[in-house]
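One structure below.
Values below: every heavy atom of this structure, side chains too, minus hydrogens, waters and symmetry copies.
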Amino acid sequence: MLPFTGRAGVGSLPGERIVGLSKLARIVEHFACRPQTQELLTQQIADWLRKVLSPRAVGVVISAEHSCMSLRGANTPGTSTVTSALLGHLRDNAGARQEFLSFSGLMNN
């Protein structure tokens, strides 16, 4: 088991509850501190935000470099894997989805 490192883009369209930006960073760190897959991490963050905040939309995009790809195996340093979880309005509305993904800046890395 090898680590992966990267960047996370998190966004929401608030409902009745909002949180500060630092809380979003803390929730990413909370789920990222344990061994798991990038796909599960992405979904866990989105599901937690949906459950706790009840927003109209949630978007999570993670772009990460996996040590198994850069250190051994395919031996391709600098390659990143992108995962996303889009819920609510971001899932249902193509324009909103495209806007979020372009703002995240992680889809073309």
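- Grouping the Ile, Leu, Val, Met, Phe, Trp and Tyr side chains by contacts below 4.5 angstrom, directly or via other members, places F103 apart from L101.
- By the 4.5 Å heavy-atom criterion applied to side chains, T81 and H66 are counted as neighbours.
- In this structure, Q38 and A64 approach most closely via the heavy-atom pair OE1-CB, 3.5 Å.
- Between V28 and V10 there is a side-chain heavy-atom pair separated by less than 4.5 Å.
- Of the inter-residue distances, the one linking I18 atom CD1 with S12 atom OG reads 9.0 Å to the nearest 0.5 angstrom.
- Atom-to-atom distance recorded for H89:NE2 and F100:CZ is 13.0 Å, nearest 0.5 angstrom.
- Taking all atoms of both residues into account, the shortest heavy-atom contact from R7 to S104 is NH2-O, 4.5 Å.
- Transitive grouping of hydrophobic side chains (ILVMFWY, heavy atoms separated by less than 4.5 Å) brings L21 and L49 into a common cluster.
- How far OG1 of T37 is from CD of Q43: 10.5 Å, rounded to the nearest 0.5 Å.
- Applying the salt bridge (Lys or Arg N to Asp or Glu O under 4.0 Å) test to pairs two or more places apart or on separate chains, none has a residue in residues 13-27.
- Atom CG of L86 is separated from atom CG of D92 by 10.5 Å, given to the nearest 0.5 angstrom.
- Once rounded to the nearest 0.5 Å, the distance linking CZ of F31 with CG of L41 reads 8.5 Å.
- The minimum heavy-atom distance linking E99 with S102 is given by the pair O-OG, 2.9 Å.
- For the pair I62 and V82, the minimum side-chain heavy-atom distance is 4.5 Å or more.
- Partner V60 forms a side chain to side chain contact (heavy atoms under 4.5 Å, CB included) with one of L90, L87, T83, T42 and no other, that one being T42.
- Under the 4.5 Å side-chain contact rule for hydrophobic residues, V52 and V58 share a cluster.
- For the pair S80 and S63, the minimum side-chain heavy-atom distance is below 4.5 Å.
- Expressed to the nearest 0.5 Å, how far CD of Q44 lies from CD1 of I27 amounts to 10.0 Å.
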